[in-house]
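Naming convention: chains lettered A, B, ... in sequence-line order (proteins, then strands); numbering from 1 in each chain.
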Amino acid sequence: GQQVMQIPQYQHVQEGEDFTTYCNSSTTLSNIQWYKQRPGGHPVFLIQLVKSGEVKKQKRLTFQFGEAKKNSSLHITATQTTDVGTYFCANTNAGKSTFGDGTTLTVKP
Amino acid sequence: DAGVTQSPTHLIKTRGQQVTLRCSPISGHKSVSWYQQVLGQGPQFIFQYYEKEERGRGNFPDRFSARQFPNYSSELNVNALLLGDSALYLCASSETLASLTEAFFGQGTRLTVV
């Protein structure tokens, strides 16, 4: 997989505020996966994006793949305490998945 | 259906020792991948096996080895343990090579090297 960089590293929000994490690459990516890892848990697959400009929604979560397929974002609307955790993006190529270092979200009730 | 199962859940070893970690994929899944996750970082790819053959290898020293059995379960072996090998070791399974992008992770084995 290609190297992917995530920003920000940490994000603290008040419950009800929105949250966005970004995933960037210097090269074109064939795909992007997003995972969520709760504290003390394991990564859980959320979604995969493969098409240029693709947008997918899961309830309050919106995932986007950039037109140039070099960046992606995950946006959470009206965060809840259940959203806490670390969100990772990953790229998979020839059987090898390369993960970013994640964005850790904390939500203040 | 059982998810991906890993054993043991926790392990403490001494420098220089050897360790074997085990993984059972989801029933019907033929691909198993291994990752090392150090605190504060994303999972780092170690190996990928499909149909008992190694299909991918990450940038890890030869002290790390793995294999997949006919029932698709897998073992990860680490020899001559170093303090820096302390990490969460994650196993992920996928149904086919084509679906490698949707990986299901086990709970991991927390290895501490002292």
- Query: Taking everything shown except B:Leu39 itself, do over 12 heavy atoms lie less than 6.0 Å from its CG?
  - Reply: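 Count not over threshold, so no.
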
- Could you tell me which portion of A:Gln6 (side chain, backbone, both or neither) has an atom closer than 4.5 angstrom to a non-hydrogen atom of chain B?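 Nothing of A:Gln6, per the 4.5 Å heavy-atom cut-off to chain B.
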
- Message: Parallel, tilted or perpendicular: which one describes the rings of B:Phe47 and B:Tyr49, with boundaries at 30° and 60°?
- Response: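 Correct class here is tilted.
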
- Using a cut-off of under 4.5 Å for heavy-atom pairs, which of A:Gly100, A:Pro43, A:Gly102, A:Ala90 has the most such pairs with chain B?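 Maximum pair count with chain B is reached by A:Pro43.
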
- Is a donor on one side and an acceptor on the other found under 3.5 Å between the side chain of B:Gln6 and the backbone of B:Gly108?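 Yes, because the side chain of B:Gln6 sits within donor-acceptor range (under 3.5 Å) of the backbone of B:Gly108.
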
- For the pair B:Asp85 and B:Arg63, find out whether any cationic side-chain nitrogen is under 4.0 Å from an anionic carboxylate oxygen.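 Salt bridge: yes.
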
- Message: What part of B:Tyr35 gets within 4.5 angstrom of chain A, counting heavy atoms only: side chain, backbone, both, or neither?
- Response: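 Interface part for B:Tyr35: side chain.
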
